[in-house]
Every structure is written in C-alpha cells, then in structure tokens.
Amino acid sequence: MLVFDAICALATPPGVAGLAIVRLSGNGAFDIADKCFRGKHPLSEAKSHTILFGTFVYGDSHNGETPIDQVTAFIYKAPHSYTGEDTVEFGCHGGTIVYQEILEALIAAGARPAAPGEFTKRAFLNQKIDLTQAEAVGDLIHAVSQQGSHAAARQLMGGFTRRLAELREKLLELCGLLELELDFSQEDIELIDKGVLAERIEETRGFCLELAQSFKSAEIARTGYSVGIVGYPNAGKSSLLNALLDRKRAIVSATPGTTRDYIEEMLHLDGAAVRLIDTAGFRESDDTIEVEGIELAVELLRQCHLILVLNDISEGKNHSAPLLASLRAQFGDADVELVQTKIDTVSTVEASNDGLLQLSSQTGAGIRELKQFLATKAASASGAMQDTLINARQAALLTQAAESLAKAREAALAGESNEFTAIDLRTALKNIGEITGAVWNDDILNAVFGKFCIGK
Ligand SMILES: Nc1nc2c(ncn2[C@@H]2O[C@H](COP(=O)(O)OP(=O)(O)OP(=O)(O)O)[C@@H](O)[C@H]2O)c(=O)[nH]1
Ligand SMILES: [Mg+2]
C-alpha cells in the first residue's frame, strides 16, 4: 500500500440532517483522531471494523477542551478500508456548524482538507478499484434513473473490469505469439496462421466498437432522455408539462407568449428518467426577451432525443404543419412527433384518432398514453443496459483501440512483417489499459477525478 498524508472531508451533503459523516484517511489518521476523540479507549487501540462512541472535542488540555458533539467513530485499518489506508469515519449530527468544527479540529490536529475525489483516487492508487470502478462511483452518485444507477452498480462490482481484462488477455496472447515468431524469424516458424490472426483481431475490434457505440445510450441512462415540448404560442405546452408532472410547475395563461424562458423538469417513468423541457412558443416577436427565449429553445432542441410538436386542434389539425416540417428538416436526427392538444374543444368525431398522439391537459385524456409512449421511447433509446455505462473518455479510447486493431488486421492480411502488426496491437493494448488505469499518468487521473466532488 502507498501511504499518503492524512486528509479529511465531509462525505455527506452539508445542511440540516439527522447525521453527517466526516472522513479522515491517511498516514497517522488514528493519532490525529485521538487528539480530538474522548472515549473509553483511544481509537489507535481499537480493532479494525469496530465502532466506538465518544465525545469529539476541540482545543487541548492546556487551554481547555470544548465539546463539539457526541460521535461514533468507525475504524478501518489499512489495507481494509475504501482508500486502503488507515481510516476513521466520524458519524456526527447534521447541520452546518458541527461538521465544520470537526474538520477544523482535525486540520489543527494535522490533517489537511481533501481535494475533489481524493479518497477514491487513493483507492485507485492502492489498487482497491480500477478507473472504470472509480467512474462508476461517480455515476452511481449522480444517477438520475434507476436504470443508470443499476448499471453503475454492476460496473462498480467489476463487471466491466472483467470484460476489459479478458480483452487485454486475448490481445496480449496474440502479441506474445507474434513476438515469439519474431525471435525465431531466421527459422521461418509460423506460430499463428495469418488468417486466424486477422479473424481474432477482427473479433476484438468488433467488441471495442460495440462498446464504444453504447456510449450514446449510456449517456441517456446517465443524464435522462430529453424531450423538448414545442409549438406555437398557446398550443398548451406548459399545460402539458403540468399535466405530465401532475402539479402546477409552469405558468399557464390565455395570453400567447406566457413562457419566455425554458422550464426543465425530470419525470420518472418505469425506471427511466425523462427530462421534460417546456419552451417559449415559436413565433415572430418584437419582444427581445421572447426572441431570446425562442433562440434558446432552438439551442435546447439540439440536445433533445425527442421533440413533441404540440398543435392546438381547435385551430385545425394541420395548423402547425409548417412548424413541424421546419423542425423535421432542422433536426433530422432526433425524433419529431406531432401531438394534438386540447381535444376537449372539438367534437369526438373531429378528434377521432388515426393512431396519432392526442390529448387534453384539461380533462387528462391521452396523458397516460403519452406517458406510456415516452417510457417506451426512453427505454429503447437507453438500450438494454448491461454491466457498464460507457462514458466519453472510455468511448474515445475504445474507438482509438478499434482503429489500431483495424490497422493490425490489415498488416496481418497484407502479409507484412509481424513487427507492424505487433506495434498496432500494442497501441490498442495501451488504449484499453488507459480505460482501466492499468496504464495511467497524471493527466488521465486528473481527467477522471477532477470531476468528482469533495469527500468522495
Ligand atoms: N380547453 C383546453 N384548454 C387548454 C388545454 N391546454 C391548455 N389550454 C389553455 O390554453 C391556453 C394556453 O395554455 P398554455 O399551457 O399556457 O400554453 P403554452 O403553449 O405554454 O403557451 P405559451 O407559453 O404562451 O407559448 C390557456 O388558457 C390554457 O388554459 C386543454 O387541454 N384544453
Ligand atoms: Mg407556456
């Protein structure tokens, strides 16, 4: 185990709460903690994985000690802790004062404030977890959907780690054979048939590409399936947002141009997270705030996976046809769906549906069907989540690995010297190594842990 200086941080969110946890980890953690802890026994004498009860104090016996709180101290002795180091986790009462005083006391006793993600970074450096697991910790904490959370949990258990390890082994085996052949190049021995070699490389390349392509669906599981609600002013956009959320979130009024900014809310449907975005109605306007709102809406639609174009059926079924056509032309990529609103204002015959989405936010007709529609869309877009949530960093490395493997395959098929194939295989191995952290440098670690929050 590597030994680093002692760091401390609040591991729970600050604010009024029943409990809070302050973490202390690193060299001399128990001695530092003992300067502030008054219990039956000093913490340094406690066994690992025990909990001690006592009083946390600030100050010293010379100038007097001030009790800060009654606390529990969880003891973890190296290497059996999250970081792999000696660790104490203090359970204290929540609020805004107690934890700050505890941190101040620990710092006065010799610890320093932890940097973002520093505990998890130490866990990585001490080989408790690999980089994909460290990233899973981040995904688990920030998960917005059950789906994403469960995939992150599986990744944290090491599912992805094992798959990448298998991949690395396969490539290492191929590299080993090629390099061995090189050693015997004078004797002209062929240890692996070039066709078989090319085939095996192609298999791993396919696997890398498939994983890299799951990035898009992983992003949806990670941040939610985004649905833009658009239409001409007064189409009933904000009313629909409220109806879907089942509460009055946005202002609704008969005045066109009511919504000028955009409103974003998360809706949870069958374990999927759907991010609803209500926008300013599309129209020519002299009002600069409204124009800005419309421009913002267009910008937001670029990030949406689905665009619902709301048409007020009382204005005619095809009233929004020009808007629909222009959005379909502009956002070919995303799904653009027409939704008829205010169907309570027309006769049932007029509203008779041709399999299209139609609803009334006022009576609630069609809302359940729209939710079902959104849930199905979100579920299919986020794909069958397995044991991993590919992120941008991993996807980029997998794509690079696939490119090197394509080159290696070409070299093998062209009957070039093994040297060339082996070099490309080694490059792919390095890329895959960077995913798990088998190969790392400070830039890689900063990219991963810089995004973490303090205390993690
Ligand atoms: N009858 C009926 N009226 C509705 C329905 N949905 C909305 N309205 C009315 O239509 C008007 C406009 O509704 P909003 O939800 O504010 O429409 P909007 O599209 O958000 O409008 P802007 O934000 O101004 O672009 C309000 O007077 C609503 O009460 C509906 O299903 N049936
Ligand atoms: Mg509105």
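A salt bridge (charged side-chain N to carboxylate O under 4.0 Å, His left out) with D139 is found for exactly one of K456, R222, K451, namely R222. Only one option out of I201, V196, T204 pairs with L174 in a side-chain contact (heavy atoms from CB on, under 4.5 Å); it is I201. Tested against L241, the residues E264, R247, R249 include a single side-chain contact (heavy atoms from CB on, under 4.5 Å) partner, R249.
The number of heavy atoms from other shown groups lying within 6.0 Å of CD (E369) is above 12. Other residues, nucleotides and ligands contribute only 12 or fewer heavy atoms inside 6.0 Å of the CD atom of Q127. At most 12 heavy atoms of other shown residues, nucleotides or ligands fall within 6.0 angstrom of atom CD1 in I97. The local environment of OH in Y262 is sparse, with at most 12 non-hydrogen atoms from other residues, nucleotides or ligands closer than 6.0 Å. Sparse packing is recorded around NZ of K407, with 12 or fewer heavy atoms of other residues, nucleotides or ligands lying under 6.0 Å away. Atom CD1 of I251 is surrounded by 12 or fewer heavy atoms from other residues, nucleotides or ligands within 6.0 Å. Residue F4 places its CZ atom among more than 12 non-hydrogen atoms of other residues, nucleotides or ligands, all under 6.0 Å distant.
Put simply, the side chain of S145 gets close to the backbone of A221: a donor and an acceptor are under 3.5 Å apart. Listed for the S320 side chain is no donor-acceptor partner under 3.5 Å among the backbone atoms of L324.
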Taking only distance into account, with no hydrogens and no angle test, what donor-acceptor pairs under 3.5 Å do side-chain atoms of residues 88-95 form with protein atoms, sequence neighbours excluded?
{"residue": "E89", "atom": "OE2", "partner": "R23", "partner atom": "NE", "Å": "3.3"}
{"residue": "H93", "atom": "ND1", "partner": "D69", "partner atom": "OD1", "Å": "2.8"}
{"residue": "H93", "atom": "ND1", "partner": "D69", "partner atom": "OD2", "Å": "3.1"}

Under 3.5 Å donor-acceptor pairs involving side-chain atoms of residues 424-438, not counting sequence neighbours:
{"residue": "R426", "atom": "NE", "partner": "E179", "partner atom": "OE2", "Å": "3.2"}
{"residue": "R426", "atom": "NH2", "partner": "E179", "partner atom": "OE1", "Å": "2.8"}
{"residue": "R426", "atom": "NH2", "partner": "E179", "partner atom": "OE2", "Å": "3.4"}
{"residue": "T427", "atom": "OG1", "partner": "I423", "partner atom": "O", "Å": "2.9"}
{"residue": "K430", "atom": "NZ", "partner": "E434", "partner atom": "OE2", "Å": "3.3"}
{"residue": "N431", "atom": "OD1", "partner": "A401", "partner atom": "N", "Å": "3.4"}
{"residue": "N431", "atom": "ND2", "partner": "Q400", "partner atom": "OE1", "Å": "3.3"}
{"residue": "T436", "atom": "OG1", "partner": "G433", "partner atom": "O", "Å": "3.2"}
{"residue": "T436", "atom": "OG1", "partner": "A438", "partner atom": "N", "Å": "3.2"}

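Shortest non-hydrogen contact noted between L10 and A20 is CD1-CB, 4.0 Å. When all heavy atoms of Q133 and M157 are compared, the closest pair comes out as NE2-C, 4.0 Å. In terms of heavy atoms, C208 sits closest to L167 at SG-CD2, 3.9 Å. Between S214 and I390, the shortest heavy-atom contact is OG-CG1, 3.2 Å. In terms of heavy atoms, A33 sits closest to L24 at CB-CD2, 3.9 Å.
If you take CD on Q340 and CG on N311, they are separated by 4.5 Å, rounding to the nearest 0.5 Å. Atom CZ in F119 sits 8.0 Å away from atom OG1 in T83 (nearest 0.5 Å). One finds the OG atom of S238 at 8.0 Å from the CD1 atom of I229 (value rounded to the nearest 0.5 Å). Atom CG of L327 is separated from atom CZ of F282 by 5.5 Å, given to the nearest 0.5 angstrom. Residue C304 holds its SG atom at 9.5 Å from OH of Y225, rounded to the nearest 0.5 Å. Expressed to the nearest 0.5 Å, how far CD of E337 lies from CG of L357 amounts to 6.0 Å.
Ion pairing of E135 with K121 is absent here, as no side-chain N (NZ or NE/NH1/NH2) approaches a carboxylate O to less than 4.0 Å. A salt bridge links E118 and R122; the closest N-O separation between the charged side-chain nitrogens and carboxylate oxygens is under 4.0 Å. Contact check on E202 versus R205 returns a salt bridge, with a Lys/Arg side-chain nitrogen under 4.0 Å from an Asp/Glu carboxylate oxygen. Salt-bridge formation is not detected for the pair D278/K237: no Lys NZ or Arg NE/NH1/NH2 atom is positioned less than 4.0 Å from an Asp or Glu carboxylate oxygen.
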> Please walk me through it: do I444 and F449 pass side-chain contact (heavy atoms from CB on, under 4.5 Å)?
Replying inline: CA-CA 9 Å; I444 297 174; F449 295 104; over 6 Å; no
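For the 3.5 Å distance criterion, the side chains of D312 and T341 fail to qualify, holding no donor opposite an acceptor. A donor and an acceptor atom, one from each side chain of Y82 and T120, are located under 3.5 Å apart. When only modelled atom types and interatomic distance are considered, S239 and S361 share no side-chain donor-acceptor pair under 3.5 Å. Under the 3.5 Å distance criterion, with hydrogens and angles disregarded, no donor-acceptor pair is assigned to the side chains of Q303 and S226.
A cation-pi contact links K77 to F30, judged by a cut-off of 6.0 Å to the six-membered ring centre and 45° from its axis.
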